[in-house]
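Below is one structure, written out as structure tokens; the observations come after it.
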Number of protein chains: 2
Amino acid sequence: MGRYDSLKLGNQLCFPLYASAREIVNLYHPHLRELDLTYTQYIAMMVLWERGEISAREVGKLLFLDSGTLTPVLKSLEKKGYITRSRSKEDERVLLVAPTDAGMALRERALEIPEKIGCAVRLTEEEAGTLYTLLYKILAALPEDE
Amino acid sequence: MGRYDSLKLGNQLCFPLYASAREIVNLYHPHLRELDLTYTQYIAMMVLWERGEISAREVGKLLFLDSGTLTPVLKSLEKKGYITRSRSKEDERVLLVAPTDAGMALRERALEIPEKIGCAVRLTEEEAGTLYTLLYKILAALPEDE
DNA sequence: AGCGATTTAATTGAACACAATCGAATTTGA
DNA sequence: TCAAATTCGATTGTGTTCAATTAAATCGCT
């Protein structure tokens with residue numbers, strides 16, 4: 001063991017984590033292009049498909065994204081006609097976003113994406129489950145701010 | 001099982017992978033700030049510490065980064081005085097980068113970073129090993145371009 | 001009621017990240 | 001040999017990503 005072994009790329013968890021995340025996201029791009037969505041717009045739509053009307057703050061919390069990232073994403077989705085943005089009647093500070101009919105229609109076309117990606121990621125069902133569990137363990141253990 | 005279950009955030013591996021990668025990288029920022037390095041500059045320096053003089057192309061290959069990302073990173077490291085950039089005598093197209101004395105000195109100060117990060121990521125030795133293996137399995141199975 | 005603290009998005013600035021393209025240098029192959 | 005293809009890096013454009021700040025609205029406390 002050398003004095004600097006801990007600084008080797010091959011010994012740091014952060015590196016394969018960071019690299020594989022980017023590589024996986026890139027796998028989505030060709031499929032998402034057909035839906036005129038970026039990856040970030042896609043995961044935002046996933047929240048809206050599942051939850052319907054929801055506040056921007058909650059979307060950010062679910063996706064671990066702050067307003068600096070989310071604001072332009074939501075504006076872009078509104079511009080494409082996939083969502084509406086409106087202020088809450090009860091609290092004018094709250095931005096409510098909701099999928100439009102066109103936005104909900106996208107869901108149908110998006111259905112084939114997870115299937116295609118699943119084929120490209122060569123893990124067994126069990127491995128994927130283990131990975132999934134470990135990643136959520138990391139996310140859960142992080143110093144949250146709430 | 002609903003028709004759209006595959007599109008739920010909670011069923012997609014990409015999501016916790018993407019989110020945890022960003023969160024982990026953010027754990028580095030406060031420590032790296034003391035070294036006047038960004039995370040990308042840090043992993044680039046890790047390659048140079050380990051390999052010494054190396055071509056920009058090889059750095060990009062090791063880090064899974066393309067020239068559009070790497071060019072400004074290497075220029076910035078040169079500006080800080082941590083690396084030199086020069087053209088290969090054998091092939092003028094090749095950009096050689098190498099750590100300076102100041103760059104190598106940084107290594108000493110960087111030693112404590114992996115240790116601190118390790119504490120923040122609440123995984124056992126075994127879990128980290130499993131995660132590591134699965135992530136490299138993903139990276140190895142990706143459609144490479146070479 | 002009213003003032004200070006808090007909450008929520010939006011904005012700004014710096015740094016990635018990748019696709020697409022370009023230009024220079026080199027290699028290949030007829 | 002020499003034109004075509006390839007390689008390598010830089011550049012440009014679009015889209016994140018987060019920190020820090022701002023501004024508006026609301027809440028809480030007296």
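Using modelled atom types, no side-chain atom of B:W49 and backbone atom of A:K8 make a donor-acceptor pair closer than 3.5 Å. Between the A:T100 side chain and the A:G81 main chain, a donor and an acceptor come within less than 3.5 Å of each other. Between the side chain of B:S76 and the backbone N or O of B:P72, no donor-acceptor pair lies under 3.5 Å. In this structure a side-chain-to-backbone donor-acceptor pair under 3.5 Å is missing from B:Q41 to B:V73.
We find that CG of A:N26 is positioned 17 Å from P of C:dC16, with the value rounded to whole Å. One atom, NZ of B:K61, and another, C1' of D:dT7, lie 12 Å apart when rounded to the nearest Å. Atom C1' of nucleotide C:dT8 and atom CD of A:E58 are separated by 13 Å, given to the nearest angstrom. Between the CD1 atom of B:I24 and the P atom of D:dC18 there is a distance of 13 Å, rounded to whole Å.
More than 12 heavy atoms of other shown residues, nucleotides or ligands fall within 6.0 angstrom of atom CZ in A:R107.
Of the residues in residues 69-81 of chain A, A:T71, A:K75 come within less than 4.0 Å of DNA chain C through at least one heavy atom, sorted by number.
Closest to the side chain of A:V94, out of C:dA9, C:dC16, D:dG9, is C:dA9.
Contact check, A:R57 against C:dA9: no side-chain N or O comes under 4.0 Å of OP1 or OP2. OP1 or OP2 of D:dA10 lies within a sub-4.0 Å distance of a side-chain N or O belonging to B:R85.
Looking at residues two or more places apart in sequence or on another chain, you find a ring-ring contact (aromatic ring centres under 6.0 Å, His included) between A:Y39 and A:Y28, B:Y18.
Residues A:S55 and A:R22 each lie close to DNA chain C; by heavy-atom proximity, the contact nearer the 5' end of the strand is made by A:S55.
No cation-pi contact links B:R22 to A:F64, judged by a cut-off of 6.0 Å to the six-membered ring centre and 45° from its axis.
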When you check every protein heavy atom under 4.0 Å of nucleotides 20-28 of chain C, what one-letter string (B, S, -) results, 5' to 3'? S----BS--
